[in-house]
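Fair warning: this is a prediction, and the values are worked out from it, not measured in the lab.
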Amino acid sequence: MFALRALLLIVSAAACTALVIGQDVGVLEARGIKCAEGAPANVSTITLDNGAVVDTWACKTSAAEIKAAKEEEAFALEKLDARGVSISETTLTKRGYNACGIYCPTYCYGGAGGGPDPNHCTQLAQGWTSGTFVVNQGVTVYYSLASCQVLVRNLGNFGGLTYCWNDLRGVTNYIAWNCQATQNAHGGYCPMNNEWSIGSIGVSACCD
């Protein structure tokens, strides 16, 4: 049985909260949200730099989630044109992968269905100001504010995935405002470096 994971360490309170994600910290307040395996998620509440109060939780990424993500990517590559958010050199180290600035093409979830209010996503994203965070191997971390849910998955075999808050802010805003009903979409995602061996970011209505 997969063990539930949550937040380990708040590294900095001055800049945007820096978190190391995917370590055991005991039981947090349950909010009725479940991980993919069906067990209740451990949810905590954090306050971002802009004063937004955000729910956050982390789950072990299941094989079914990885399979579904790859199928989504295959469909998107066949049917849609990817829109790149940013690109730069990344760093693979013995202790993990630094994905700050990595190319992250955006794909929308097709079909109507009521995506998140993009204003809620913007409010969430504006609280991520500077610095980095780490998602441990095999872990997906979630953030939610009102109707908006953002997830970051570590899909690699290299240890911790380091990502920049600034990049997460940009990707979240881009997906939220460009994968709406007017595009016949309800949220979207981006696979880092357009592959599924590093990580991915998803934006959807909370809590799909």
Checklist entry - What do the steps show when you test L48 against L124 for side-chain contact (heavy atoms from CB on, under 4.5 Å), and what is the final call? => result CA-CA 8 Å; L48 302 182; L124 172 59; 4.0 Å; yes

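- The heavy-atom pair separating L155 from W196 by the smallest distance is CD1-CE3, 3.1 Å.
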Checklist entry - What's the verdict on side-chain contact (heavy atoms from CB on, under 4.5 Å) for N98 and T162, showing C-alpha distance, side-chain angles and the deciding distance? => result CA-CA 5 Å; N98 186 338; T162 299; 4.2 Å; yes

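- In terms of heavy atoms, V139 sits closest to A58 at CG1-CB, 4.0 Å.
- Two residues are said to be in side-chain contact when any heavy atoms from C-beta on lie closer than 4.5 Å; Y189 and C179 fail this criterion.
- For the pair V141 and T56, the minimum side-chain heavy-atom distance is below 4.5 Å.
- No donor-acceptor distance shorter than 3.5 angstrom exists from the side chain of Q123 to the backbone of P118, with no hydrogens or angles considered.
- Using modelled atom types and a 3.5 Å distance limit, the side chains of S197 and E195 yield a donor-acceptor pair.
- Distance check: Q149 CD to S204 OG gives 4.5 Å after rounding to the nearest 0.5 Å.
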Next on the checklist: Before you tell me yes or no, could you show the steps for N154 and N136 under side-chain contact (heavy atoms from CB on, under 4.5 Å), namely the whole-Å CA-CA distance, both residues' side-chain angles and the distance that decides it to 0.1 Å?
Outcome noted: CA-CA 7 Å; N154 181 339; N136 276 10; 5.6 Å; no

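- Under the 4.5 Å side-chain criterion, counting only non-hydrogen atoms from C-beta, Y142 is not in contact with C206.
- Rounded to the nearest 0.5 Å, atoms OG (S44) and CG (D55) are 8.0 Å apart.
- What you find for K60 and Q137 is that their closest heavy atoms are NZ-O, 4.2 Å.
- Taking all atoms of both residues into account, the shortest heavy-atom contact from S144 to V54 is O-CG1, 3.3 Å.
- In this structure, A205 and P116 approach most closely via the heavy-atom pair N-CD, 3.5 Å.
- Residues satisfying the side-chain hydrogen bond (donor to acceptor under 3.5 Å, both in side chains) test with T122, not counting sequence neighbours, are N173, W177.
- Separating the SG atom in C164 from the CD1 atom in I102 is a distance of 11.5 Å, to the nearest 0.5 Å.
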Item to check | From CA spacing to verdict: side-chain contact (heavy atoms from CB on, under 4.5 Å), N178, T106 | outcome: CA-CA 9 Å; N178 291 279; T106 298; 5.9 Å; no

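- C190 and V171 make their closest contact through SG-CG1, 3.7 Å (heavy atoms, listed as atom of the first residue, atom of the second, distance).
- Counting heavy atoms from C-beta on, the side chains of C148 and V203 come closer than 4.5 Å.
- Among residues two or more places apart in sequence or in another chain, the side-chain contact (heavy atoms from CB on, under 4.5 Å) test is passed with L168 by W128, F133, V150, V152, Y163, W165, T172, I201.
- In this structure, the separation between CG on L151 and CH2 on W57 is 9.5 Å, given to the nearest 0.5 Å.
- A 4.5 Å side-chain heavy-atom check between Y109 and I175 finds every atom pair outside the cut-off.
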